[in-house]
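See structure below.
Excluded from the calculations below are hydrogen atoms, water molecules and symmetry mates; all remaining heavy atoms, backbone and side chain alike, are included.
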Amino acid sequence: MKVIPVSEKFHDAAKSLADRAIAEGLRVEVDQRNERVGYKIREAETLKVPYMIVVGQKEAESGLVKLRQQGGGEEEAMSIDAMIAFLKARR
């Protein structure tokens with residue numbers, strides 16, 4: 001899974017989310033490069049990353065994330081705990 005922060009000010013929120021998922025045994029990478037979000041998403045699609053989470057203002061404030069599946073699957077809004085349970089069940 002790849003976590004993509006919208007801008008530098010969301011790096012901490014993205015890292016926190018990734019740390020929580022890693023603690024649960026999931027493989028996670030945070031893309032903290034200074035690139036546009038669309039570029040990071042397209043690159044992750046090209047690399048066939050199975051799941052992506054974009055972290056922005058709404059996600060940082062609400063605690064909900066939208067899990068984006070590789071191949072253009074629908075984005076589902078869910079809590080971080082629900083996302084971790086979903087991904088653990090998919091392993």
Side-chain angles (χ1 to χ4, degrees):
M1 173 175 66
K2 188 170 274 203
V3 180
I4 302 171
V6 171
S7 68
E8 270 187 43
K9 71 180 188 178
F10 301 110
H11 283 189
D12 290 339
K15 181 75 172 121
S16 174
L17 177 105
D19 289 344
R20 196 160 161 198
I22 289 168
E24 293 289 333
L26 299 172
R27 288 180 24 203
V28 181
E29 179 183 322
V30 179
D31 191 341
Q32 294 184 336
R33 297 176 298 155
N34 189 21
E35 296 286 349
R36 293 179 182 240
V37 174
Y39 176 83
K40 293 177 185 182
I41 291 170
R42 279 191 303 281
E43 183 180 59
E45 288 279 343
T46 302
L47 294 173
K48 306 250 188 259
V49 174
Y51 298 100
M52 291 171 269
I53 295 175
V54 178
V55 177
Q57 187 72 37
K58 284 192 286 187
E59 294 79 13
E61 289 177 353
S62 70
L64 296 176
V65 294
K66 285 192 177 179
L67 187 63
R68 181 184 182 121
Q69 294 188 29
Q70 194 268 334
E74 288 188 26
E75 293 183 20
E76 255 186 84
M78 59 181 76
S79 70
I80 295 171
D81 291 333
M83 180 264 313
I84 289 171
F86 174 81
L87 292 175
K88 286 174 86 172
R90 295 284 198 153
R91 285 198 271 175

If I compare all heavy atoms of [X] with all of [Y], which pair ends up nearest, and what's the gap?
X     : Y     : result
Met83 : Leu67 : CG-CD1, 4.2 Å
Ala18 : Val30 : CB-CG2, 3.4 Å
Gly63 : Ile80 : O-CG1, 3.6 Å

Using the side-chain contact (heavy atoms from CB on, under 4.5 Å) criterion, which residues pair with [X]? Sequence neighbours excluded.
X     : value
Lys58 : none
Ala82 : Met78, Ser79
Ser7  : Lys9, Phe10

Separation between [atom1] of [X] and [atom2] of [Y], rounded to the nearest 0.5 Å:
X     : Y     : atom1 : atom2 : value
Lys40 : Asp31 : NZ    : CG    : 4.5 Å
Met1  : Arg90 : CE    : CZ    : 14.0 Å
Ile4  : Glu29 : CD1   : CD    : 9.5 Å

Exercise. Leu26 and Ile22: same hydrophobic cluster, using ILVMFWY side-chain contacts below 4.5 Å?
Worked result: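 Looking at the clustering, Ile22 is in the same group as Leu26.
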Problem set entry | Connected via hydrophobic side-chain network under 4.5 Å: Phe86 and Ile84 |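 Yes, because Phe86 and Ile84 connect within a single hydrophobic cluster, where side-chain heavy atoms sit under 4.5 Å apart.
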Exercise. Can you list the residues that meet the salt bridge (charged side-chain N to carboxylate O under 4.0 Å, His left out) rule with Arg20, with sequence neighbours excluded?
Worked result: Asp81
For this session: Identify, with sequence neighbours excluded, every residue that meets salt bridge (charged side-chain N to carboxylate O under 4.0 Å, His left out) alongside Glu35.
Result: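 Not a single residue meets the salt bridge (charged side-chain N to carboxylate O under 4.0 Å, His left out) criterion with Glu35.
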Exercise. Any sub-3.5 Å donor-acceptor pair from Glu24's side-chain atoms to Ala21's backbone N or O?
Worked result: no
Name the atoms and distances for all side-chain donor-acceptor pairs under 3.5 Å in residues 43-54, with sequence neighbours left out.
| unit_1 | atom_1 | unit_2 | atom_2 | d |
| --- | --- | --- | --- | --- |
| Glu43 | OE1 | Arg33 | NH1 | 3.3 |
| Glu43 | OE1 | Arg33 | NH2 | 2.4 |
| Glu45 | OE1 | Gly71 | N | 3.1 |
| Thr46 | OG1 | Arg42 | O | 2.9 |

Exercise. Can you name the one residue among Asp19, Val3, Leu17 that meets side-chain contact (heavy atoms from CB on, under 4.5 Å) with Val28?
Worked result: Val3
